[in-house]
Protein chains: 2
Amino acid sequence: MSRNNAGLSAERIITEALRIIDGQGLRRLTMRRLGDALEVEAMAVYHHFPLGKEALFDGIVDYITDVSRADTPLTPGDPSSDASDDAGADDADDDPADDRPWDDRLRAWAHDYRARLLRHSGALPLLINRRPDSVAALRALDLHYAAFTEAGLNGPAVVRAGAALDAYVTGAVVHEVRAAGLPGPDPAAVDGRFPHVAALRDVGADHERQFREGLDTLLAGLTGR
Amino acid sequence: MSRNNAGLSAERIITEALRIIDGQGLRRLTMRRLGDALEVEAMAVYHHFPLGKEALFDGIVDYITDVSRADTPLTPGDPSSDASDDAGADDADDDPADDRPWDDRLRAWAHDYRARLLRHSGALPLLINRRPDSVAALRALDLHYAAFTEAGLNGPAVVRAGAALDAYVTGAVVHEVRAAGLPGPDPAAVDGRFPHVAALRDVGADHERQFREGLDTLLAGLTGR
DNA sequence: ACCTGAACACCGTTCAAGT
DNA sequence: ACCTGAACACCGTTCAAGT
């Protein structure tokens, strides 16, 4: 057995990095730990990401952003090193020329994207200060612009609508993730000072449903009602 | 001159940490660098934040979240060590019982909060996975719930409206910060593949105006129209 | 081309010690 | 109570070397 040529690839590295983020959190994603998980020396990663960890982060964000790529949820039992997923990667359906109405296309994107952000919510901090100029991001933006144009909007209104849609999904996910910790016993300080919060403390929230309804309202509001 | 008792305080530490974040970025905020900026040994910070850097991050997020506290923009010229801001800190106006109509109160909060997030956009990644259960966050939530109740909403609708408002501001800011890098020469890959993006590439965006209009639309949509 | 192993500068945090 | 200084385990990254 040669100790070289461990079958590393950018795809496999990103997938493993995401598994660590999902399972242990972003702070625990370390080049050395990532190497261990890939059964390789940490420095081997630099051969596929010469610009280092920041470039790896870019790759991770791209991976999550790319709705055309199948996403791997956190697998509890790990079949590990037996790499049966070698060829896989850029099978992007090759654009089957989606013929659904514009609003269905936008809804489908929004729900897919939300699901991916929630599944990898530990990577959310990475998303924030990375510019959305990857191919995956541009593909999504083009999809949005095409749909809103089809809906009858003109130039600046299309751009505004695209911005609003992106902001909506991101904002909803961030809110949901932040609130996720709260249902516990008590926010500690709900004494007499915050009566309205105390009164509404046990009102459950159906995030899924709220997202869907909010999205419908937004789309209606953006394209004349 | 005693080298002890350097006049350190949680407030001063947080302020200095924010200055580093705003000026150099979150990654450059280091306990040692923070110590240097405070003209103190790095380990002195641990006396005010015994739980370490994570607790400091909590403090930073609280500071930004607390709209009732005056915010310090990034000062170019630095009057430095001459601490003339000793007493300052928890002067929160002591609740002057805001008597403006509910929507004006919400608009004021939203614009203030947005401005703070934009001013300290480098700290946005910290906001994301911290639970909004600080006193400052609960005060804001109580303000929202009170306003929406005054607007005529009932139980679950109030909670939904509060969630939507928070998500809106966060989402808008994150979108704006992400897009901030883009107006440059070219997103690199606007060849023939993304015709709609290419066509709308030079449509400028007035974020301030768009935020205001979107907020108005949201408030109208949330409270019967 | 792909990976290893030692090395370097730096990091968060602990702890005993000073005043 | 408040801060220092040395120490420890760990980190990202470089570089020469192996195959």
Side-chain angles (χ1 to χ4, degrees), chain A residues 1-18 20-21 24-61 80-81 83 86-87 89 122-123 125-126 129-130, chain B residues 1-18 20-21 24-61 80-81 83 86-87 89 122-123 125-126 129-130:
Chain A
M1 305 295 174
S2 73
R3 227 181 273 88
N4 275 1
N5 219 326
L8 226 45
S9 72
E11 175 86 9
R12 215 161 81 75
I13 291 171
I14 289 176
T15 297
E16 199 60 45
L18 264 176
I20 293 176
I21 292 175
Q24 314 183 234
L26 184 58
R27 276 192 4 259
R28 304 259 310 162
L29 174 60
T30 276
M31 298 308 260
R32 285 169 167 87
R33 235 188 296 268
L34 180 55
D36 277 0
L38 291 164
E39 299 185 33
V40 110
E41 217 58 26
M43 289 64 197
V45 172
Y46 284 86
H47 198 267
H48 299 265
F49 293 92
L51 273 54
K53 207 179 186 185
E54 218 62 23
L56 173 59
F57 284 161
D58 285 342
I60 292 173
V61 171
S80 105
S81 45
D86 46 353
L126 297 182
N129 35 25
R130 249 147 260 271
Chain B
M1 304 294 177
S2 75
R3 226 182 274 86
N4 276 1
N5 219 328
L8 226 45
S9 71
E11 174 87 9
R12 214 160 83 75
I13 292 171
I14 290 176
T15 297
E16 199 59 45
L18 264 176
I20 293 176
I21 292 175
Q24 314 185 232
L26 184 57
R27 275 190 7 258
R28 304 258 311 162
L29 174 59
T30 276
M31 298 306 262
R32 285 169 167 87
R33 236 188 295 269
L34 181 55
D36 277 1
L38 292 163
E39 298 186 34
V40 111
E41 217 59 25
M43 289 63 197
V45 173
Y46 285 86
H47 198 268
H48 298 266
F49 294 92
L51 272 55
K53 206 177 185 185
E54 218 62 24
L56 173 60
F57 284 161
D58 286 342
I60 292 172
V61 170
S80 103
S81 44
D86 47 353
L126 298 181
N129 34 27
R130 249 145 260 272

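Chain naming here is simple, since letters A, B, ... match the order of the sequence lines and numbering starts at 1 in each. In this text, all values refer to a predicted model and were calculated from it rather than measured experimentally.
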Student check: side-chain heavy atoms of [X] and [Y] closer than 4.5 Å:
{"X": "L8(B)", "Y": "H48(B)", "result": "yes"}
{"X": "F57(B)", "Y": "N129(B)", "result": "no"}
{"X": "L29(B)", "Y": "I60(B)", "result": "yes"}

Across the strands shown, which category fits G7(A) at heavy-atom distances under 4.0 angstrom: base, sugar-phosphate, nothing?
sugar-phosphate

Just checking R28(A): base, sugar-phosphate only, or nothing, at a heavy-atom cut-off of under 4.0 Å?
nothing

Rounded distance [0.5 Å steps], CD1 in I20(A) versus OG1 in T15(A):
11.5 Å

Among T30(A), L34(A), D36(A), exactly one meets side chain to side chain contact (heavy atoms under 4.5 Å, CB included) together with R32(A). Which residue is that?
T30(A)

Which pairs, protein N/O on one side and nucleotides 17-19 of chain C N/O on the other, fall under 3.5 Å?
residue : atom : partner : partner atom : Å
dG18(C) : N2   : N4(B)   : ND2          : 2.8

Would you kindly give the [atom1]-to-[atom2] distance between [X] and [N], to the nearest whole Å?
{"X": "L34(A)", "N": "dC10(D)", "atom1": "CG", "atom2": "P", "result": "18 Å"}
{"X": "R27(B)", "N": "dG12(C)", "atom1": "CZ", "atom2": "P", "result": "13 Å"}
{"X": "L38(B)", "N": "dT4(D)", "atom1": "CG", "atom2": "C1'", "result": "15 Å"}
{"X": "K53(B)", "N": "dC10(D)", "atom1": "NZ", "atom2": "C1'", "result": "14 Å"}
{"X": "L8(A)", "N": "dT4(C)", "atom1": "CG", "atom2": "C1'", "result": "13 Å"}
{"X": "R32(A)", "N": "dA6(C)", "atom1": "CZ", "atom2": "P", "result": "12 Å"}
{"X": "Y46(A)", "N": "dC15(D)", "atom1": "OH", "atom2": "C1'", "result": "13 Å"}
{"X": "F49(B)", "N": "dG12(C)", "atom1": "CZ", "atom2": "P", "result": "15 Å"}

Consider the side chain of [X], meaning its heavy atoms from C-beta on, and name the nucleotide among [options] that approaches it most closely.
{"X": "T30(B)", "options": "dC11(C), dC11(D), dA7(D)", "answer": "dC11(C)"}
{"X": "M31(A)", "options": "dG12(D), dA1(D), dT4(C)", "answer": "dG12(D)"}
{"X": "M43(B)", "options": "dC3(D), dC3(C), dG5(D)", "answer": "dG5(D)"}

Would you say dT4(D) has OP1 or OP2 under 4.0 Å from some side-chain N or O of H47(B)?
no

Side-chain N or O of H48(A) versus OP1/OP2 of dC3(C): is the shortest distance under 4.0 Å?
yes

Between M31(B) and L56(B), the two heavy atoms sitting closest are SD-CD2, 4.4 Å

Does the distance from a Lys or Arg side-chain N to an Asp or Glu carboxylate O, for E54(A) and R130(A), drop under 4.0 Å?
yes

With both distances kept under 3.5 Å, what pairs with dA16(D), Watson-Crick or G-U wobble?
dT4(C)

